[in-house]
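We name chains A, B, ... by the order of the sequence lines, and we start the count at 1 in each one.
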Amino acid sequence: DTEVTQTPKHLVMGMTNKKSLKCEQHMGHRAMYWYKQKAKKPPELMFVYSYEKLSINESVPSRFSPECPNSSLLNLHLHALQPEDSALYLCASSLPGRSEAFFGQGTRLTVV
Amino acid sequence: AQKVTQAQTEISVVEKEDVTLDCVYETRDTTYYLFWYKQPPSGELVFLIRRNSFDEQNEISGRYSWNFQKSTSSFNFTITASQVVDSAVYFCALSEAQRGNQGGKLIFGQGTELSVKP
């Protein structure tokens, strides 16, 4: 079983909705990540948090807003999304200074 | 710029066949890391192996083996005696050395979809 837990597993939202994706890990990792994966494509990095501070933002549109409330939790707040934002959103974590990331099962997001 | 190329988009084999997944990378860094991940239909990316640029020893783990050759910038993955449960998308990835405590960015190849038929 994965030690990175993401909720919900599936989400359908309208373009005017506000929703949040949640990610939790209890491995003591202090780096946490959001990746976006479109069908038949590799994951693409969105954000990196290191010690609860945003360290990398890959020029993601502001309709995606990450939050790291503590060392175990990572949220991704969604607002005014577009249908092209439909994808699998993967959360991952790693030890600081280590790049082998451990992934959750993802949230399959559909924007209608 | 960093880049990972997995030229094989799809591979289909019959159970018990051996199969090799190719990975070629590009980087200007002298210190870097290479990875393989498995993504079954459930969606989770499963970490298989990490190799640093100074360690060219091949590695074997059960039916899995990895061949790292810096001279050809390749990091190939072989599954021996494949099984139906090996069916998945396999991604090769590259990461540069971490600066301080910053998290690492993984650059993924396009993935190879492996189908193992009974």
Side-chain angles (χ1 to χ4, degrees), chain A residues 1-6 8-10 23 25 27 29-59 66 68 71 74 87-109, chain B residues 1-10 21 23 25 27 29 31-53 55 59 66 75 88-115:
Chain A
D1 286 346
T2 180
E3 295 187 67
V4 177
T5 303
Q6 290 187 242
K9 296 224 177 344
H10 300 273
C23 174
Q25 58 87 16
M27 295 181 282
H29 292 172
R30 300 305 293 273
M32 295 186 76
Y33 311 77
W34 283 114
Y35 281 83
K36 173 182 178 179
Q37 185 179 22
K38 301 283 278 182
K40 302 287 188 183
K41 296 289 187 184
E44 293 181 341
L45 183 67
M46 300 174 73
F47 303 103
V48 180
Y49 274 83
S50 181
Y51 288 92
E52 295 87 69
K53 292 192 186 330
L54 185 64
S55 61
I56 298 177
N57 177 341
E58 293 286 292
S59 302
C68 190
S71 61
L74 184 67
L88 179 67
Y89 288 84
L90 292 158
C91 174
S93 68
S94 72
L95 290 167
R98 302 277 296 196
S99 43
E100 65 266 34
F102 294 87
F103 286 79
Q105 285 195 317
T107 294
R108 291 191 186 275
L109 174 68
Chain B
Q2 297 185 322
K3 184 179 178 183
V4 177
T5 301
Q6 294 178 254
Q8 304 150 309
T9 306
E10 297 179 7
L21 309 182
C23 173
Y25 64 92
T27 181
D29 295 335
T31 302
Y32 52 90
Y33 302 91
L34 295 165
F35 306 83
W36 276 95
Y37 282 87
K38 174 182 180 180
Q39 189 173 39
S42 60
E44 176 188 357
L45 278 158
V46 178
F47 169 75
L48 296 178
I49 189 171
R50 168 187 183 260
R51 256 290 173 264
N52 74 52
S53 51
D55 182 2
E59 180 152 342
W66 291 270
F75 186 43
V89 180
Y90 290 86
F91 289 100
C92 180
L94 169 69
S95 177
E96 62 188 8
Q98 300 314 298
R99 295 181 179 80
N101 288 319
Q102 189 178 43
K105 175 178 180 177
L106 289 168
I107 306 295
F108 288 90
Q110 291 298 306
T112 297
E113 183 171 6
L114 174 65
S115 175

**Asked** Less than 4.5 Å apart, any side-chain heavy atom of A:L88 and any of B:Q39?
**Response** yes

**Message:** Do A:E100 and B:F35 make a side-chain contact, defined as non-hydrogen atoms from C-beta onward lying under 4.5 Å apart?
**Reply:** yes

**Prompt:** About how many Å separate CD of B:E44 and SG of A:C91, when rounded to the nearest 0.5 Å?
**Reply:** 11.5 Å

**Engaged part of A:E58 at the chain B interface, taking heavy atoms whose separation is under 4.5 Å** = side chain

**Request:** To the nearest 0.5 Å, tell me how far A:Q105 CD sits from B:L45 CG.
**Result:** 11.0 Å

**Prompt:** Do B:F91 and A:P43 touch side chain to side chain, with heavy atoms closer than 4.5 Å?
**Reply:** yes

**Prompt:** Is it the side chain or the backbone of A:A92 that comes within 4.5 Å of chain B heavy atoms, both, or neither?
**Reply:** neither

**Request:** Indicate yes or no: at least one non-hydrogen side-chain atom of A:L45 is less than 4.5 angstrom from one of B:L106.
**Result:** no

**Request:** To the nearest 0.5 Å, tell me how far B:F108 CZ sits from A:K41 NZ.
**Result:** 15.0 Å

**Request:** Please state whether the side chain, the backbone, both or neither of A:Q6 comes within less than 4.5 Å of a heavy atom of chain B.
**Result:** neither

**Request:** Count the heavy atoms of every other residue, nucleotide or ligand shown that sit under 6.0 Å from CD of B:E113, and state whether that count exceeds 12.
**Result:** yes

**Prompt:** Does some side-chain heavy atom of A:F103 sit less than 4.5 Å from a side-chain heavy atom of B:F47?
**Reply:** no

**Request:** Kindly check if the number of other-residue, nucleotide or ligand heavy atoms within 6.0 Å of NZ (B:K3) is above 12?
**Result:** no

**Asked** For A:P42 and B:G109, which heavy atoms make the closest approach, and how far apart are they?
**Response** CB-O, 3.1 Å

